2 protein chains.
Amino acid sequence: EVTGRAAERIDMVVDHVRELAGVDAAVRLESENSFPSNIGFGSSSSGFAAAALALVEAAGLDLTLPEVSTVARRGSSSAARAVTGAYSRLDAGLNDADCRSHRLDVGVSEDGFDPEEDLRIVAAHVPAYKETEEAHREAAESHMMQARTAHVQDQLVEMTDALRDGEFDRIFETAEHDSLSLTATTMTGPAGWVYWQPETIAVFNAVRELREEGVPVYFSTDTGASVYV
Amino acid sequence: EVTGRAAERIDMVVDHVRELAGVDAAVRLESENSFPSNIGFGSSSSGFAAAALALVEAAGLDLTLPEVSTVARRGSSSAARAVTGAYSRLDAGLNDADCRSHRLDVGVSEDGFDPEEDLRIVAAHVPAYKETEEAHREAAESHMMQARTAHVQDQLVEMTDALRDGEFDRIFETAEHDSLSLTATTMTGPAGWVYWQPETIAVFNAVRELREEGVPVYFSTDTGASVYV
């Protein structure tokens with residue numbers, strides 16, 4: 001039984017599908033995670049992406065994945081990206097024609113690295129409660145928000161180009177830098193909320209030591225204490 | 001025997017005193033710390049402040065403390081503030097008449113808190129090398145530097161007013177927030193340098209738990225892993 005804000009978000013997704021399909025049927029939604037939620041591992045993203053796809057199919061709609069992403073983003077923005085998968089970008093927009101996720105073109109680098117096939121992710125789970133919406137509210141009130149918003153435009157151009165060329169270091173250097181920028185913005189919000197934990201920093205240190213030894217590895221945190229390596 | 005950049009900084013201080021006094025005497029400077037250096041505990045600040053005072057006296061100059069602060073800042077900016085002590089502000093300026101440190105007016109709050117007498121500091125030493133000049137270079141190249149510079153003006157006005165009224169929470173909330181802003185700016189520089197260590201975050205967590213229990217306590221980091229509580 002889901003209640004509160006989570007239930008509201010589910011209702012927004014379900015109601016949108018009802019509207020698109022012109023149906024008014026009751027829905028029973030069952031969801032199971034193979035990993036814990038609210039820890040920065042994308043349980044909302046994957047859950048809402050799966051729900052959007054299932055609901056669209058149940059309603060008999062024939063939609064492309066970018067179209068399904070407009071349904072999923074009613075649940076969470078990252079769910080929209082999870083619908084199209086791999087390296088996806090959710091464009092800003094005030095309507096469903098503009099605001100949708102699409103896969104970015106990914107190339108293979110000169111030395112044969114394929115970002116879609118050859119990437120290996122180690123997820124370091126650091127137990128600490130996280131609430132993405134709360135983090136976003138904090139960040140929005142930070143004195144650094146404008147600087148971040150401006151900088152993100154450069155980062156997106158950089159990332160899109162790096163993916164096209166399959167350049168490992170450029171792609172993940174940009175990702176690491178952006179996750180530091182996100183944390184910097186959130187922790188300078190009114191609550192001064194540092195969502196990293198001691199173990200988070202320990203993983204950063206390990207990653208940087210490996211990198212100094214020549215291992216091609218980068219870290220990234222979402223709005224939580226867990227780290228993707 | 002001091003060499004390299006440290007020796008250059010000492011030379012700048014010594015040469016400035018020679019110039020002020022119109023003397024050209026050789027100088028032997030001996031310095032001893034009762035605590036380790038390069039860990040974020042202000043060894044440069046206190047060392048250069050002491051050196052500036054000693055050199056000024058040895059040269060027979062009769063200067064006010066704000067005037068001595070212009071000598072000390074040749075060594076490090078925080079040394080200028082250490083000369084005038086307590087709650088000091090180093091004004092920006094392009095010459096020694098403008099760019100000097102002065103004590104801020106401090107009042108006693110309605111409930112009797114005197115920021116100069118009643119403050120207790122616990123210094124949590126987290127061993128990790130720090131180099132303030134390097135941190136400042138990183139911060140200057142961050143996309144968040146402009147936002148920080150703009151925000152600091154508001155923070156200074158807030159702090160000056162809070163000190164005048166002796167308001168514990170306002171003073172140290174501002175200090176805690178500013179130290180997060182400084183870290184945010186440094187870690188979004190080109191090197192993505194996170195100078196906190198796992199123990200730093202552990203101290204943050206302890207401080208916030210105490211605060212939730214009603215204990216009036218705040219944290220602050222300099223450009224290093226150590227924490228002042």
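All figures in this text were calculated on a predicted structure; none of them were measured in a lab. Each chain gets a letter, A, B and so on, in the order the sequences are listed, and its residues count up from 1. These values consider heavy atoms only, across backbone and side chains, with no hydrogens, waters or symmetry-generated copies.
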Whatever's closer than 4.5 Å to a heavy atom in chain B on A:T200 counts as neither
Neighbour count >12 (heavy atoms, 6.0 Å) for atom CD, A:Q153
yes
Under 4.5 Å to a heavy atom of chain A? For B:S142 that would be neither
Answer key: most heavy-atom pairs under 4.5 Å with chain A among B:A147, B:A184, B:P198, B:G192 is B:P198
Ranked by heavy-atom pairs below 4.5 Å to chain A, first place among B:E199, B:H151, B:R208 goes to B:H151
Ignoring hydrogens and geometry, is there a side-chain-to-backbone donor-acceptor pair from B:S109 to B:E167 under 3.5 Å?
no
Is there a salt bridge (charged side-chain N to carboxylate O under 4.0 Å, His left out) between B:E8 and B:R5? Walk through the geometry before answering. CA-CA 5 Å; B:E8 279 173 39; B:R5 179 71 190 130; 3.1 Å; yes
Bottom line for A:Q197: the part with an atom under 4.5 Å from chain B's heavy atoms is both
Chain A shares the most heavy-atom pairs under 4.5 Å, among B:D178, B:T185, B:T188, with B:T188
| said: Check this for me, if you would: do A:D91 and A:R89 make a salt bridge, where the nitrogen-to-carboxylate-oxygen distance has to be below 4.0 angstrom? | reply: yes
Checking B:W196, B:F172, B:Y228, B:F204 against B:F219 for ring-ring contact (aromatic ring centres under 6.0 Å, His included), the one that qualifies is B:F204
